[in-house]
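A short worksheet on the structure shown next.
Throughout, residue positions are numbered sequentially from 1 according to the sequence presented. None of the values given here were measured: they were computed from a predicted structure.
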Amino acid sequence: TSTREMAELKSQIQTSFKLSGLTVRLEACKYLTGLLTPVQVEDRQSWIDKIVDKVQTQNLKSNVIDKDILSTAVKECTNQESGNSSVQKINIISAFETPRLTFSVERKKYLADSFSGRAGPELLSSADSKGRVYQDRFSMLHQRTARHDLFNTTAQSTGAENKRFQLKAVEFLLGTTNRLDDVIVLGMVTQMSHATYSLEDPSGVVQLDLSETKFHTGLYTENCFVLAEGWYDDNIFHVLALGFPPAEPSSTTRAYFGNINFFGGPNETSLKTSTVLAEMEVNNPDAMFVFLSDVWLDKVSVTERLRRLFAGYNTMPPTAFVLCGNFLSCVGEPGYAAKLKDCMKQLGEMISEFPQLAAESMFLFVPGPADPGSPNIFPRPPLPTHVTQDLLKNVPKAQFLTNPARVQYCTQEIVIFREDIVTKLCRNAIYFPETGEIPSHFAKTITCQGHLAPLPLHTCPVFWDYDRSLSLYPLPDLIITADKFEPFTAENLGCKVINPGTFAKHDFSFKTYIPSSRTVEDSQVPEED
């Protein structure tokens with residue numbers, strides 16, 4: 001190949017990238033020129049365009065493209081052409097590896113902590129991390145609420161029915177001497193002294209009078225974020241209506257923030273937009289997830305039903321069985337860990353009796369509050385290996401998850417959380433709802449709060465630096481909150497919230513989820529005929 005032809009190809013590459021606002025480094029340009037030289041002249045431009053497209057789907061730190069970025073893009077292009085997608089169908093994401101992103105008020109977008117200069121996470125972090133937990137939650141909810149049609153002052157309003165409200169800060173109230181009517185404030189409910197509630201935001205604290213308050217749908221507890229509407233006079237905010245900041249569908253969040261990977265996993269960008277995975281999902285109607293909670297392996301009745309369950313599924317193995325703790329019924333008794341080790345070994349032997357299941361289905365274990373391995377502070381690490389090693393020998397496709405855990409199946413995002421969170425929210429509610437079903441109140445609460453446990457830290461302890469592992473923003477497709485409360489299925493804005501319920505206490509009932517049709521089915525292991 002002549003030097004002139006090489007020079008022309010180089011300039012063709014640089015021009016194509018420049019048209020997309022990108023600059024190619026010299027060594028990257030040489031690398032790509034070397035790759036494209038053997039390609040037919042008329043095919044070169046289409047290859048360059050494909051590579052540019054792949055480069056733009058990566059999370060670029062700047063518009064300067066180096067060799068590493070290019071080689072990743074080329075690899076993806078060649079995989080796509082040959083039909084070998086490097087994208088995995090299932091990704092298990094540990095709670096300790098969820099993306100660390102913070103909303104930047106100046107840039108109006110989410111930035112990685114490493115980019116914005118925030119220190120890495122520590123299990124035992126300094127005291128200022130505790131305040132940051134609530135600041136991060138507030139900034140997420142504030143940007144989401146400010147964009148909502150009710151508060152978005154930039155949107156076109158037509159007529160009186162499309163009345164726009166204005167969000168005020170607490171300091172706006174505190175700085176006023178006159179009476180203010182029709183005020184709406186976003187803040188966190190706190191209890192400064194016994195039975196006296198206050199509303200707090202980063203700018204200040206104001207005392208609340210909740211004597212005439214109308215509560216909208218939801219379970220309101222201390223430390224949850226609310227939109228309070230009412231009038232302010234003489235240092236007291238008299239709340240007439242209390243509601244949650246409105247949730248938004250995941251599609252709205254992604255339309256605003258692009259293809260950032262909020263969920264986690266090996267991919268730079270969100271897999272929601274992957275056409276390859278979307279096709280896989282639709283073309284696999286037999287894919288199924290089976291969810292069981294409180295699988296007491298020391299109860300003969302439970303192990304008998306499990307055997308019957310595995311036998312029933314042996315000819316059509318589901319994608320995964322998700323088994324949540326506690327794995328023994330004898331909570332608090334001495335020798336719990338040793339007993340659990342034996343029971344896990346027996347479970348492994350039982351599963352290995354069904355070779356098709358053991359070979360094709362994944363078995364995912366999520367620890368419960370009483371299971372060994374860590375104090376009950378979230379996120380919790382998986383069950384310790386000395387307890388699980390015997391089961392793993394018999395069931396190589398078993399995986400032990402953190403609590404909470406995230407599972408990416410094709411384009412769908414699934415969050416699993418084993419905690420009696422419905423029970424705790426009901427017990428700690430400052431107002432218990434008089435109408436409506438608890439499951440719908442609960443689903444509304446966690447989706448609007450964008451958090452799995454919107455409770456005070458003494459009620460539901462969380463490692464401060466890892467609070468974001470409990471985040472539900474953007475909303476996932478499915479949330480499993482395994483609770484001792486009765487089984488339910490609820491939904492809000494396309495996000496399904498299900499509770500399988502205690503396996504032994506609710507007639508051996510469990511839940512199944514079919515991703516291709518996004519349906520949840522109530523199931524039960526029948527008695528012997």
Side-chain angles (χ1 to χ4, degrees), residues 95 189 191 215-226 244 291-296 299 302 322-332 336 366-371 374-380 402-405 415-462 467 469-472 478-492 495-511 520 522:
V189 178
Q191 193 173 192
F215 288 84
H216 290 280
T217 312
L219 298 165
Y220 297 83
T221 60
E222 272 182 72
N223 290 37
C224 75
F225 286 87
V226 294
F244 286 136
F291 297 102
L292 297 90
S293 180
D294 282 307
V295 185
W296 294 333
K299 292 271 187 210
V302 171
V322 180
L323 308 173
C324 301
N326 299 325
F327 291 108
L328 297 180
S329 59
C330 55
V331 172
Y336 186 99
V366 178
D371 289 322
S374 85
N376 211 16
I377 305 173
F378 295 106
R380 284 191 52 154
T402 55
N403 183 17
V415 173
I416 306 159
F417 186 42
R418 171 64 189 97
E419 168 64 314
D420 297 328
I421 196 71
V422 186
T423 316
K424 281 188 176 180
L425 279 169
C426 291
R427 194 184 298 145
N428 291 282
I430 57 176
Y431 165 83
F432 197 77
E434 291 162 14
T435 57
E437 299 290 317
I438 293 299
S440 51
H441 282 287
F442 171 70
K444 179 89 187 278
T445 305
I446 61 171
T447 50
C448 289
Q449 295 292 319
H451 199 272
L452 281 168
L455 281 161
L457 290 172
H458 60 264
T459 312
C460 185
V462 174
D467 180 69
S469 64
L470 283 86
S471 166
L472 296 173
L478 178 68
I479 303 169
I480 295 91
T481 49
D483 191 293
K484 62 186 179 191
F485 191 78
E486 62 195 45
F488 64 76
T489 303
E491 188 170 348
N492 188 28
C495 170
K496 290 182 169 57
V497 181
I498 64 174
N499 173 28
T502 302
F503 187 56
K505 280 188 181 172
H506 296 107
D507 300 325
F508 304 99
S509 64
F510 60 97
K511 299 277 186 194
V520 176
D522 299 334

Around Lys299, counting heavy atoms of other residues, nucleotides and ligands shown, do more than 12 lie under 6.0 Å from its NZ?
no

Can you tell me how far apart [atom1] ([X]) and [atom2] ([Y]) are? Round to the nearest 0.5 Å.
X      : Y      : atom1 : atom2 : answer
Ile480 : Ser293 : CD1   : OG    : 11.0 Å
Ile446 : Thr481 : CD1   : OG1   : 5.5 Å
Leu452 : Asp467 : CG    : CG    : 10.0 Å
Leu219 : Ile430 : CG    : CD1   : 11.0 Å
Asn499 : His506 : CG    : NE2   : 8.0 Å

Does any N or O in the side chain of [X] come within less than 3.5 Å of the main-chain N or O of [Y], such that one atom is a donor and the other an acceptor?
X      : Y      : answer
Ser329 : Trp296 : no
Thr489 : Lys496 : no
Arg418 : Pro367 : no
Lys484 : Asp420 : no
Asn428 : Thr221 : no
Arg380 : Val366 : no

Step by step, would you call Ile416 with Cys324 a side-chain contact (heavy atoms from CB on, under 4.5 Å)?
CA-CA 9 Å; Ile416 306 159; Cys324 301; 4.1 Å; yes

Given Leu472 and Thr447, is the side-chain contact (heavy atoms from CB on, under 4.5 Å) satisfied, shown in steps?
CA-CA 7 Å; Leu472 296 173; Thr447 50; 5.7 Å; no

SB check Asp507 Lys505 (cutoff 4.0 Å):
no

Using every non-hydrogen atom in the two residues, find where [X] and [Y] come nearest and quote the distance to one decimal.
X      : Y      : result
Pro379 : Ser469 : CG-OG, 3.5 Å
Ala443 : Glu491 : CB-N, 4.5 Å
Leu328 : Val331 : O-CG2, 4.0 Å
Cys224 : Phe244 : SG-CE2, 4.0 Å

Non-neighbouring partners of Ala453 that pass side chain to side chain contact (heavy atoms under 4.5 Å, CB included), sequence neighbours left out
Ile421, His451, Cys460, Leu470

Sorted by chain and residue number, the ring pair (Phe, Tyr, Trp, His ring centres under 6.0 Å) partners of Phe417 (sequence neighbours excluded) come out as Phe378

Result for side-chain hydrogen bond (donor to acceptor under 3.5 Å, both in side chains) between Thr502 and one of Asp483, Asn326, Asp294 points to Asp294

Do [X] and [Y] come within less than 4.5 Å of each other through their side chains, counting heavy atoms only?
X      : Y      : result
Tyr220 : Val189 : no
Asn223 : Pro456 : yes
Phe485 : Phe442 : no

His216 vs Lys444, test: side-chain contact (heavy atoms from CB on, under 4.5 Å). Steps then yes/no.
CA-CA 10 Å; His216 290 280; Lys444 179 89 187 278; 5.6 Å; no

Check the pair Leu457, Val462 against side-chain contact (heavy atoms from CB on, under 4.5 Å), reporting the backbone distance first and the verdict last.
CA-CA 6 Å; Leu457 290 172; Val462 174; 3.9 Å; yes

Which atom pairs, donor and acceptor, lie under 3.5 Å between side-chain atoms of residues 431-439 and protein residues at least two apart or in another chain?
none

